[in-house]
Amino acid sequence: MTITENIRKELQALVDSKYQEFHSALVPGTENILGVRIPQLRVMAKEIAKRDDWRIFVEATDTKFYEEAMLQGMVIGRSKTALDEQMKYVERFVPRIDNWAVCDIFCGELKTAVKKGKETVWQFIQPYLKSTQEFELRFGIVMLLHYIDEGHIDLLLKYADSFCHDAYYARMAMAWMISICFVKFPEKTMEYLKHSKLDNWTYNKSLQKTIESLRIDKRTKDVLRSMKRR
């Protein structure tokens, strides 16, 4: 029995049919969800990343289920290997991303890679920010959430004005990024929104996501509502 088959057996023992139904509704179009909760996957990933054969698992292409792909991404993020090797595994994994959930969890797990080499990872994600593929582009944009800081905010807002894509999950990622930029850098992001070159849909969705934030006061939310494009 291969490591993938062993892990699949472990996953099948953790299946929660009610969660499967709930989670499947959140990831439309993904038909291979077993129904294993994310905290349980994190526990498994932590243990797999400690094993000597973790590389065999993340290199495996005989996966069948959504949770197996999710686990592979988590293990890559948690691997204790050198950054250059870790990024090679990231590069191999990104083309396998085919839904927002695997994308976003994977990007979250890569926070340790960013800590290892912030500039190296910054350079690594640049080609993805120009990709025409929906989930490659979403990967790049969601990775930018690690860079909403004083040293990168101007670059992020400049990039937002160059964004041009009609895929739903890429646009949603951009709206999400701008909303977080607003929370952390309200004055700069407000000024950006006043002159934004974003398409109307993504611009309005950025306003909506920002207004939904609990960290934005009512007065500011009212101003943002008045800025909606008709």
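The aromatic rings of H152 and W122 lie tilted to each other, with the angle between the two planes from 30° to 60°.
Between M87 and A113, the shortest heavy-atom contact is SD-CB, 4.3 Å. Taking all atoms of both residues into account, the shortest heavy-atom contact from A49 to V75 is CA-CG1, 4.2 Å.
Salt bridge annotation for K88-D84: absent, with no cationic side-chain nitrogen under 4.0 angstrom from a carboxylate oxygen. By the 4.0 Å N-to-carboxylate-O rule, D217 lies too far from R219 to be salt-bridged with it.
By the 6.0 Å contact criterion, CD on E119 is enclosed, its count of non-hydrogen atoms from other residues, nucleotides or ligands being greater than 12. With a 6.0 Å radius and a threshold of 12 heavy atoms from other residues, nucleotides or ligands, E21 has its CD atom at or below the threshold. By the neighbour-count criterion of 12 heavy atoms within 6.0 Å, atom CZ of R215 is sparsely surrounded, having that number or fewer from other residues, nucleotides or ligands.
Between the CG atom in L207 and the CE atom in M227 there is a gap of 6.0 Å [rounded to 0.5 Å]. Here L144 contributes atom CG and L156 contributes atom CG; the two are 4.5 Å apart, rounded to the nearest 0.5 Å. Taking CD of E10 as the reference point, atom CD1 of I48 lies at 6.5 Å (rounded to 0.5 Å).
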Between side-chain atoms of residues 33-45 and protein atoms elsewhere (two or more places apart, or another chain), which donor-acceptor pairs fall under 3.5 Å?
residue: R37; atom: NH2; partner: D16; partner atom: OD2; Å: 3.3
residue: Q40; atom: OE1; partner: R37; partner atom: N; Å: 3.4
residue: R42; atom: NH1; partner: E109; partner atom: OE2; Å: 2.4

May I have the list of side-chain donor-acceptor pairs in residues 170-182 shorter than 3.5 Å, sequence neighbours left out?
residue: R171; atom: NE; partner: H165; partner atom: O; Å: 3.2
residue: R171; atom: NH2; partner: D199; partner atom: OD2; Å: 3.3
residue: S179; atom: OG; partner: W176; partner atom: O; Å: 2.6

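Note that R138 lies outside the cation-pi zone of Y169, set by a 6.0 Å cut-off to the ring centre and a 45° limit from the axis.
Residue pairs that meet the ring-ring contact (aromatic ring centres under 6.0 Å, His included) test with at least one member in residues 22-74, sequence neighbours left out, are Y19-H23, H23-Y66, W54-Y89.
Formation of a donor-acceptor pair under 3.5 Å by the T63 side chain with backbone atoms of T4 is not found in this model. Between the side chain of K221 and the backbone N or O of S213 there is at least one donor-acceptor pair closer than 3.5 Å.
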